[in-house]
2 protein chains.
Amino acid sequence: MVTVDGMALGKDYATQECSIARALEVIGERWTMLVIRDALYGVRRYNDFLVHLGIPRAVLAARLQTLTAEGILEKRRYQESPPRDEYVITERGIALWPTLRSLGIWGREHFQEARLRSYRHADCGTELGTYGECPACGTLVPVADVLMVPEPGLSQDPADPVSKALLKPKRLLEPVETTSA
Amino acid sequence: MVTVDGMALGKDYATQECSIARALEVIGERWTMLVIRDALYGVRRYNDFLVHLGIPRAVLAARLQTLTAEGILEKRRYQESPPRDEYVITERGIALWPTLRSLGIWGREHFQEARLRSYRHADCGTELGTYGECPACGTLVPVADVLMVPEPGLSQDPADPVSKALLKPKRLLEPVETTSA
DNA sequence: CGAGGTTGGTTCAATGACCGAACCTTGGGT
DNA sequence: ACCCAAGGTTCGGTCATTGAACCAACCTCG
């Protein structure tokens, strides 16, 4: 049966009856997970995503729109006159933190020597366990209480202002400062 | 400037200094994570991947080759005369279980009503926590001791033999039985 | 022996996604 | 009036994915 709309390549893993497949239909496209990672880091503005990711403008626009439509980001007016919007991560997006953390750990352990960043419980300074829990406190750490700490191995003096801003320790979700003024 | 090698779209997130990006270069392509999921379920043969995923043959061949080259699957001769190989998941691939589990949970909680499968500690029958730990035993359950149990909501009587084989409870990693003889 | 089946692929034309560069728009700032 | 910044859209060219067809080694059955 040939359905009316001709979505051939895109998005849907038609035959799969599986929540992983459902998830990948939403966030499985190229660049999407990196956009979400940046949003967790506190990146919010079109231009910041652009320079930090090195993503084509058209693709970024498409991804931001999809992620907004799926309720993972929320488009929010942060100033009138010049009307400017920012894209803020929602609860649904924040819920991807364990996935991204375990993916990052896997990537580092299997394909990378150096450790670039560590993640700590802001309250006590303890480094997080594999799933984002605090071994000392024995609790699951809310994402807003995760402190991202750059480690040596991360290149000093990067080109773009966003990478530069991410060079100092900061909490996740807290907006990055790129006041180029 | 046109560089000599023409890798434009593919694989590498060039500017990214991040273990998540490294990971996605390896397993971020379309279909790849679903192949790994199937490998965790115990799927091993070209034909079983093919019918279960509904993936184009050429793409499957490419993915199996990449995953083998990256050490996530291992190509293993399981019979001479007709020489036949199967693709078995390695430790490196098994290490993706927490990632896939948390991704699946996210997909179900946010984009799906029914629960299709549950995962239990084979030793005690307790349903696993969010990260694959056993709440009762308090231990991290080895993947080989995870029992996958189909729940109502999963369609009875599916078309392909692999889905049919996955209709009864079985441990992860344990090869699926598709003796069509 | 030859026909047909099973497994595991390769090849090919068509279609869709992605890329990078150029352009556009709205609203300041000077 | 002119230029700049932010946030896009448009467009031609390239790359990836798709589905269908083809290939080949080996086996089994008549």
Side-chain angles (χ1 to χ4, degrees), chain A residues 1-3 5-15 24-25 28-32 34-35 43-68 73 75-87 160-162 178-181, chain B residues 1-15 24-25 28-32 34-35 43-66 68 73 75-87 160-162 178-181:
Chain A
M1 191 227 295
V2 179
T3 49
D5 76 281
M7 166 167 304
L9 184 156
K11 297 157 219 305
D12 72 315
Y13 296 99
T15 68
L24 289 173
E25 286 174 10
E29 287 178 305
R30 187 160 157 77
W31 293 109
T32 300
L34 294 181
V35 171
V43 176
R44 295 181 167 195
R45 319 250 278 245
Y46 182 92
N47 228 333
D48 288 346
F49 285 110
L50 197 69
V51 301
H52 188 229
L53 292 173
I55 183 179
R57 307 177 77 91
V59 176
L60 176 58
R63 295 296 181 272
L64 291 175
Q65 210 181 315
T66 303
L67 287 171
T68 302
L73 300 179
K75 191 171 187 170
R76 177 186 299 171
R77 178 70 41 104
Y78 70 91
Q79 69 173 46
E80 312 285 342
S81 122
R84 293 279 182 265
D85 298 313
E86 57 185 5
Y87 296 89
D160 68 288
V162 178
T178 47
T179 44
S180 33
Chain B
M1 192 228 295
V2 179
T3 49
V4 185
D5 76 279
M7 166 167 300
L9 183 158
K11 297 156 218 302
D12 71 317
Y13 295 100
T15 70
L24 289 172
E25 286 174 10
E29 287 179 304
R30 187 161 158 76
W31 293 109
T32 300
L34 293 182
V35 171
V43 176
R44 296 182 167 194
R45 319 249 279 242
Y46 182 94
N47 229 327
D48 288 345
F49 285 109
L50 197 68
V51 299
H52 188 230
L53 292 173
I55 184 178
R57 309 175 76 87
V59 176
L60 176 59
R63 296 294 181 273
L64 290 175
Q65 210 180 314
T66 303
T68 302
L73 299 180
K75 191 171 186 169
R76 177 187 299 173
R77 177 69 43 101
Y78 70 91
Q79 70 172 194
E80 311 286 342
S81 121
R84 292 280 181 265
D85 299 312
E86 58 186 3
Y87 295 88
D160 67 288
V162 178
T178 47
T179 44
S180 30

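In what follows, every chain begins at residue 1, and chains take the letters A, B, ... in the order their sequences are listed.
- A heavy-atom distance below 4.5 Å is found between the side chains of A/Tyr13 and B/Arg30.
- Between the C1' atom of D/dG7 and the CD atom of A/Glu86 lies a distance of 14 Å, rounded to the nearest Å.
- Within the structure, every side-chain polar atom (N or O) of B/Lys75 is placed at least 4.0 Å from both OP1 and OP2 of C/dG8.
- The nearest whole Å value for the distance from the CG atom in A/Leu53 to the P atom in D/dG7 is 14 Å.
- At least one side-chain heavy atom of B/Arg57 sits under 4.5 Å from a side-chain heavy atom of B/Leu50.
- If you take CD1 of A/Ile55 and C1' of D/dG7, they are 14 Å apart, rounded to a whole angstrom.
- If you check every strand for non-hydrogen atoms under 4.0 Å, A/Val59 touches sugar and phosphate atoms only.
- Phosphate contact (OP1/OP2 of D/dT18, side-chain N/O of B/Trp31, threshold under 4.0 Å): present.
- Phosphate proximity of D/dG7 to A/Tyr78: present, with a side-chain N or O under 4.0 Å from OP1 or OP2.
- Nearest to the side-chain atoms of B/Tyr87 among the listed nucleotides C/dG9, D/dA6, C/dC19 stands C/dG9.
- With rounding to whole Å, B/Tyr46 atom OH is found 17 Å from D/dA25 atom P.
- The interatomic distance linking A/Leu50 (CG) with C/dG20 (P) rounds to 11 Å, in whole Å.
- A close approach under 4.0 Å does not occur between any side-chain nitrogen or oxygen of A/Tyr13 and OP1 or OP2 of D/dT18.
- Distance from the side chain of A/Pro82 is smallest to C/dG28 among C/dA22, C/dG28, D/dG19.
- Checking A/Arg84 against A/Ala58, the closest nucleotide of DNA chain D that is more toward the 5' end is the one next to A/Arg84.
- For B/Phe49 and C/dG8, the CZ to C1' distance is 13 Å, given to the nearest whole Å.
- Distance, B/Leu34 CG to D/dT17 P: 13 Å, rounded to whole Å.
- A cation-pi arrangement is not found for B/Arg63 relative to B/Phe49, the charged atom failing to lie both closer than 6.0 Å to the ring centre and inside a 45° cone about the ring normal.
- Separating the CG atom of B/Leu60 from the P atom of C/dG9 is a distance of 8 Å, rounded to the nearest angstrom.
- Closest to the side chain of A/Pro83, from the set C/dG27, D/dG19, D/dG7, is C/dG27.
- B/Arg84 forms no cation-pi arrangement with B/Tyr46, by the criterion of a distance under 6.0 Å to the ring centre and an angle within 45° of the ring axis.
- In terms of phosphate contacts, B/Arg63 brings a side-chain nitrogen or oxygen within less than 4.0 Å of OP1 or OP2 of D/dT17.
- Remark: A/Thr178 OG1 to A/Arg44 CZ distance equals 11.5 Å, nearest 0.5 Å.
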